[in-house]
Each structure stands twice: as C-alpha cells, then as structure tokens.
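Here is the structure we will look at.
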Amino acid sequence: MSSSATKPRILTGDTPTGKLHLGHYVGSVENRVALQDSYECFFIIANKHAFTTRAEQAGEIRQSVLEIATDYLACGIDPNRSSMFIQSEVPAIDELTFFFAMLIPFNRVMRNPTLAQEIKDKDLGDKYPFGFPLYAVGQTADILAFRPEMVPVGEDQLPHLEMTREVARRFNQIYCGVDPQTEDDDYVRAGGLFPIIKPRLGRVKRLVGTGAPNPETGQLYKMSKSLNNAIFLSDDADTVQKKIMGMYTDPRRVRATDPGETDPEKNPLWAFHETFNPDTAWVQEHKVLYAAGKVGDVAVKRKLVEVLNTIIEPIRTRRKHYEQRPDDVIDALRIGTRRANVVAEQTLALAKKAMKQDYFSRSLRI
C-alpha cells in the first residue's frame, strides 16, 4: 500500500442490503474510485446496521457483505490502495458508539429526517427495535473512529453527517477543552481530537429508479432494491435491456417550462441519459425531438441500453473474475479490516485518554 503519511483521510461505505446498483455508483462509488490516489481511503461495510431491520436474516446479511465487497473490487476499489473492512470486526466502533450516545439527546436523534423517512418508507410504525435509532449514533462512530477530513456520501446521508459534526464538536469541547466559538476548520489545531468532517456529494444527488412515480406526489422514487426499480452493477446485458425497455416514461412528455425540453425529474429516461450518456449533444438534440414527438421511447431507450452496457461491461467482467475467486474477496476484507483496526484502536485510545478513562493498554489482532 502506498504511503499515507501525508494524505488526507476519507471514510464512507454502505449498509449491506444486497448488490450495488447505479444509484450507489453515481452517488458515491465512482467518487471513491477516483479519490484512491489522493486520499487514504477507508470503506466500511456496515453489517451491524443491517440488523436494525433484518435481525432475523443474518444469513442474508452475511451474503450481502460478500456481494458488496465483490462489487467494490469490480468497480475498481484497489485493496492495495484502499482499506475495505467489515464493521462488526472493528470493536472500537462499538465502544465509541456508547460514549457518543452520552453526548447527544434522544430527541435530537429522533429529529434526524433521514431516520424519520426510513421509519416511514419501511412502514416500521412504532415497532422498530431500540437499535434502530441507535444506529444513527453508531454511524457517527463509524466515521469518527477514523478521524477523516471528508466523507463522500449521497444526499440522503447529509443529516447523519450533521449529527456526526455535532458529536465531534461536543466531544472536543467537553474533553479536549476546545472553545465552542472555534471555527469548524480549526478544531484540531485548537487541541480537539476529532475533525469536523465535510461531506462530498456525488455528481448526482439522487438517481431515480426505473418505475412509475409516486401517485400522490408525482415524484419519481429513488432507485432502490426494495422498490424493484434498480439496475444493478452485476446485471447482465440482457437484463439491462429488459429493464430499460420496460422503463416508465412520462406519458405527457413535456413537463418543463420550456416546451423544447422534458423534465428529467418526471421522466427517468432523460434522467438516465443526462447522468450517463457522455454524448451531451445527442442528448440535447433528442430531448427536443422527443418533446416534439419526432422520436419515440423505443429509439431513446435503445440508445440508453447501449450507453449503460458500455459503462457496466467492464464492471461485470471484473466481477466475474472475483466471483470465481471468493478467497481473494475475503483476503481483501481481512487486510482492510486489519488496517482499519489499527486506526480505530488508536482513535479509541486517544478518546479514552481525553476522557480520563485510559487505565490499561491493549492490542488487537486479526
């Protein structure tokens, strides 16, 4: 692994709910691949968070961990340059979660809009386990255990990052004596342990799915496995074609104020072209033709199939390589988890020292 002594650090990752799809790719994964040379990268597979709503599906969670790790490698995450690791194998995260839970009020956790939306989307009502709101605090520990400068995320994760920033400020003020009036960028220079992290959004904040919009609001749903509106990075060429040819399109075509355009927010066909088609001249020309009724859905969908399969094919090829070598996937996770523990254990030791709870030294081996 190349020297990381002078590199800034990033932390990001995914909760294992199955294979990765195009929404994950443009929301964060392509960012991660691009940042590997200029940052010390840690990519967490947050398997314990998956138990918040799927505690009875432990076997599926395990398989999802391996699927995501395989997708990471297929997308170009290089285990020699980056550390991909399993959350449950880094015990320092759990210890930090407990300490951080004392720094943030319960009602603040429940005001997290992403948490509230998940409760609604998953129809949890008041039946969710105690661990469900706790995972929002745990996510702050996932991040701060690595003291990163930046966290590449999708837009829906911004509320979690704001909670992380609040916890970092609070810890630094209480245990490190940092003045509350300190500017965020100056917390570490002022003696704080934790940087006040910054988010980095992908080039697409929210990729829509292939299905019909919400009948009440008219808005397209976000791409999601659970909504059956996703195109996976592991889908073969025929599957991609089938999904695109069956994609919902706006029956009224023109929704934008300019009659020469269609609104991508109302039509996934054009949302996808604007996101993935590198030929911007073709996209602009055919949007006008489409709105005027001079070109139909089929022709535009066929072009999209071509575009997406060109993007996905190298990923598919690399994925087949790793599917035939599962031990290589496990080895990459083991090496990354070993590196992750070195950093997280150091952070925990420094946190305990700041809190005056550093009674003994310890070592951890994987």
Side-chain angles (χ1 to χ4, degrees), residues 20-31 34 75 117 120-121 153-158 200-316:
L20 298 182
H21 54 61
L22 286 174
H24 296 120
Y25 185 74
V26 295
S28 183
V29 174
E30 67 176 357
N31 244 347
C75 287
Q117 190 62 45
K120 180 179 179 182
D121 290 345
V153 291
E155 186 179 38
D156 60 336
Q157 293 300 304
L158 289 178
R200 175 163 175 163
L201 294 174
R203 61 188 175 94
V204 176
K205 295 179 179 179
R206 176 184 179 273
L207 184 67
V208 299
T210 59
N214 184 315
E216 296 179 2
T217 66
Q219 293 296 312
L220 293 169
Y221 291 102
K222 177 183 174 181
M223 183 172 286
S224 168
K225 174 187 175 182
S226 62
L227 294 176
N228 196 31
N229 67 355
I231 296 174
F232 295 95
L233 300 177
S234 52
D235 281 344
D236 61 35
D238 289 342
T239 300
V240 171
Q241 177 172 327
K242 182 178 179 180
K243 288 181 176 180
I244 294 301
M245 297 311 290
M247 174 187 283
Y248 167 85
T249 55
D250 184 356
R252 287 180 282 182
R253 289 181 178 264
V254 179
R255 289 287 195 92
T257 55
D258 183 342
E261 297 180 352
T262 59
D263 184 354
E265 290 299 315
K266 304 295 183 182
N267 193 327
L269 184 57
W270 291 109
F272 275 58
H273 268 294
E274 291 195 346
T275 300
F276 298 105
N277 192 336
D279 189 345
T280 55
W282 186 97
V283 173
Q284 294 306 314
E285 176 187 355
H286 282 76
K287 279 176 68 178
V288 173
L289 293 173
Y290 183 86
K294 295 180 180 179
V295 63
D297 288 338
V298 172
V300 179
K301 287 181 176 180
R302 284 176 176 164
K303 179 65 174 179
L304 183 56
V305 170
E306 175 188 327
V307 167
L308 292 182
N309 275 323
T310 298
I311 293 170
I312 297 174
E313 181 55 34
I315 298 173
R316 278 194 291 252

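We use all heavy atoms of the structure for the numbers below, so side chains are in, but hydrogens, waters and symmetry mates are not. What you see is a predicted model, and the numbers here were worked out from it, not measured in a lab.
- Residues Asp279 and Val307 have side chains not in contact (no heavy-atom distance under 4.5 Å, counting atoms from C-beta outward).
- Residues passing the side-chain contact (heavy atoms from CB on, under 4.5 Å) test with Thr280: none are found, sequence neighbours excluded.
- Between Thr249 and Trp270 there is no side-chain heavy-atom pair separated by less than 4.5 Å.
- Pairing each heavy atom of Leu220 with each of Asn267, the nearest pair is CD1-N, 3.7 Å.
- Listed here is the closest heavy atom pair of Phe232 and Lys243: CD1-NZ, 3.6 Å.
- When all heavy atoms of Ala212 and Tyr221 are compared, the closest pair comes out as O-CD1, 3.5 Å.
- With sequence neighbours left out, Thr310 forms a side-chain contact (heavy atoms from CB on, under 4.5 Å) with no residue at all.
- The structure places CG of Leu22 at 10.0 Å from OG1 of Thr210, a figure rounded to the nearest 0.5 Å.
- Residues Asn214 and Glu216 approach most closely at OD1-N, 2.8 Å, considering heavy atoms.
- The one candidate from Asp235, Asp236, Asn309 that meets the side chain to side chain donor-acceptor pair (under 3.5 Å) condition with Arg316 is Asn309.
- The shortest side-chain heavy-atom distance between Val300 and Leu289 does not fall under the 4.5 Å cut-off.
- Between the CD atom in Glu274 and the CG atom in Leu269 there is a gap of 10.5 Å [rounded to 0.5 Å].
- With contacts defined as side-chain heavy-atom distances shorter than 4.5 Å, the pair Lys287/Val283 qualifies.
- Although no hydrogens or angles enter the test, the distance criterion places a donor-acceptor pair under 3.5 Å between the side chain of Asn229 and the main chain of Lys222.
- Atom CG in Leu308 sits 11.5 Å away from atom NZ in Lys303 (nearest 0.5 Å).
- A donor-acceptor pair under 3.5 Å is absent between the side-chain atoms of Lys225 and the main chain of Ala230, judged by distance alone.
- A donor-acceptor contact shorter than 3.5 Å links the side chain of Lys301 to the backbone of Met247.
- For the pair Met245/Val298, a side-chain contact is recorded, criterion being any heavy-atom separation below 4.5 Å from C-beta on.
- The structure places CG of Leu304 at 7.0 Å from CD1 of Ile231, a figure rounded to the nearest 0.5 Å.
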Set out, in order, the CA-CA distance, both residues' side-chain angles and the distance that settles side chain to side chain contact (heavy atoms under 4.5 Å, CB included) for Phe272 and Asn277, then state yes or no.
CA-CA 8 Å; Phe272 275 58; Asn277 192 336; over 6 Å; no
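- Heavy atoms only, all atoms of each residue included: Gly209 and Pro268 are closest at O-CB, 3.4 Å.
- Using a 4.5 Å heavy-atom threshold, the side chains of Ile312 and Phe276 count as separate.
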Determine, stepwise, if the pair Tyr25 / Thr275 fulfils side chain to side chain contact (heavy atoms under 4.5 Å, CB included).
CA-CA 11 Å; Tyr25 185 74; Thr275 300; over 6 Å; no
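- Glu30 CD to Cys75 SG: the interatomic distance, rounded to the nearest 0.5 Å, is 9.5 Å.
- For Arg203 (side chain) and Asn31 (main-chain N/O), no donor-acceptor pair under 3.5 Å exists by modelled atom type.
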